[in-house]
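Remember, predicted model here, so these are calculated numbers, not experimental data. Letters A, B, ... mirror the listed sequences (proteins, then strands); counts begin at 1.
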2 protein chains.
Amino acid sequence: MLDQNFRGRHTLSIDSKGRVSVPAPFREILAERYGENRLMLATVFDRCLRAYPTEEWAKIEEHASGLSSTDKNVKFYYRHFISSAVELEFDKQGRILIPASHREWAEINGGQVLFLGITDKIEIWDKAAYASKMATLDPSSVEDSINEMGGKI
Amino acid sequence: MLDQNFRGRHTLSIDSKGRVSVPAPFREILAERYGENRLMLATVFDRCLRAYPTEEWAKIEEHASGLSSTDKNVKFYYRHFISSAVELEFDKQGRILIPASHREWAEINGGQVLFLGITDKIEIWDKAAYASKMATLDPSSVEDSINEMGGKI
DNA sequence: CCACCTTTCCCCACCTTTCCCCACGTACAA
DNA sequence: TTGTACGTGGGGAAAGGTGGGGAAAGGTGG
């Protein structure tokens, strides 16, 4: 499966209609591993978007349905995350149209968009927002902390 | 295995298309020890690139998947490091094409590139950037610190 | 219910990057 | 010199990404 994970960082531009090309290697994985030409797009708390193969999203919904639906954190989670998922198909050029509300949440106002391949999902960021978010943490203390937890670099 | 470790410092030039030859001894190790003609290339926090045999990279991903995915340091690590990995194959002349985003990160703007063989991985630096980075550290305090940690020189 | 405006979808066309060749120069050894 | 290994450079085809026009769909207000 090593060859079938989402991986790599791609910068693409979004046009005035809200369309972005999904990087070709990601489309290829969706087609070959999952047999699909679509993905589920959801809003994530830290002001970015996540795209999942429908199969992976199904697992998330399944887990979600087991949670206590009266807990206030769970309600928040349902309302913000679970309810945000939209199914998007690629057009003939391999693009998706990101809904306006999703663009707004992730502060995507045209310009450059970043696709991050993270094993079984894809994160989508406004490039500038990503840069400023990442600048809030100190890389060397992150390295130390990862090292303590047993991660490798 | 002593003869099968990456070792040595090689200066090579990158062309206008972003291609660099991978030093022949490194290619040989990849072929003979790992049976491959490709490598995984990732961006490292200190503004350089690291190349791993796919086998070594697989270990990194495996360790990474065990970390708590809601921790803010872990998210940073996923977003910056894990997601940056790209699989690159050698062309017929033994070169790789370094993706534009990776070149940008490592401040490689054409000119000279440095390959450092470090046991089971390879670091790739812009030659000028490497020189100025190394100049910021005081060699004798580095030696002391290594000595305290039990390293040998 | 109709007219209008906006958003979405589908098409085509262009440009840049990537990929796959082949060729040349240099260094080292026979 | 001749052969071989290695690094460098460039041309041309293919793929990937970008932009825009125009029809269809959907929503809004009179």
Can you tell me how far [atom2] of [N] sits from [atom1] of [X], to the nearest Å?
X         : N       : atom1 : atom2 : answer
Ile14(A)  : dT7(C)  : CD1   : P     : 14 Å
Asp15(B)  : dG25(C) : CG    : C1'   : 16 Å
Phe90(A)  : dG16(D) : CZ    : C1'   : 14 Å
Arg19(B)  : dC6(D)  : CZ    : C1'   : 15 Å
Asn37(B)  : dC20(C) : CG    : P     : 12 Å
Asp91(A)  : dG17(D) : CG    : C1'   : 11 Å
Ile96(A)  : dG17(D) : CD1   : C1'   : 14 Å
Gln112(A) : dT18(D) : CD    : P     : 8 Å

Asn37(B) side, atom CG; Glu89(B) side, atom CD - distance, nearest 0.5 Å: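 One gets 5.5 Å once the value is rounded to the nearest 0.5 Å.
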Examine the base of dG16(D) for any acceptor or donor lying under 3.5 Å from a partner atom in the side chain of Arg27(A), and report the outcome as yes or no.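 There is none.
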Check this for me: does the side-chain of Arg95(A) come within 3.5 Å of the base of dG16(D) through a donor and an acceptor?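 Answer no: no donor N or O sits under 3.5 Å from an acceptor.
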Partner of [N] by Watson-Crick or G-U wobble geometry, both contacts under 3.5 Å, or none?
N       : answer
dG29(D) : dC2(C)
dT7(C)  : dA24(D)
dT2(D)  : dA29(C)
dG9(D)  : dC22(C)

With the side chain of [X] defined as its heavy atoms from C-beta on, choose the nearest nucleotide among [options].
X        : options                   : result
Gln93(B) : dG10(D), dC10(C), dC22(C) : dC22(C)
Leu97(B) : dG16(D), dC6(D), dC19(C)  : dC19(C)
Lys17(B) : dT18(D), dT8(D), dG11(D)  : dG11(D)
Lys92(B) : dG7(D), dC10(C), dC22(C)  : dC22(C)

Reckon Ser13(A) touches a base, only the sugar-phosphate, or nothing at all at heavy-atom distances under 4.0 Å?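 Sugar-phosphate only.
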Go through the steps to decide whether Tyr52(A) and Phe6(A) satisfy the test ring pair (Phe, Tyr, Trp, His ring centres under 6.0 Å), and finish with yes or no. CA-CA 10 Å; Tyr52(A) 302 83; Phe6(A) 296 113; 9.7 Å; no
Strictly by modelled atom types, are Tyr34(A) and Glu56(A) linked by a side-chain donor-acceptor pair under 3.5 Å?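 Yes, because at least one side-chain N or O of Tyr34(A) sits under 3.5 Å from a partner of the opposite role on Glu56(A).
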Judged by each residue's nearest nucleotide on DNA chain C, which is more toward the 5′ side, Ile98(B) or Arg103(A)?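 Counting from the 5' end, the first nearest nucleotide belongs to Arg103(A).
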For the backbone of Ala42(B) and the side chain of Trp57(B), can you confirm whether one donor and one acceptor N or O come within less than 3.5 Å of each other?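 Not at all, since once roles are kept as given, no pair shorter than 3.5 Å links the two residues.
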Given side chains that start at C-beta, do those of Asp144(A) and Ile146(A) come closer than 4.5 Å, heavy atoms only?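 No, their side chains stay 4.5 Å or more apart.
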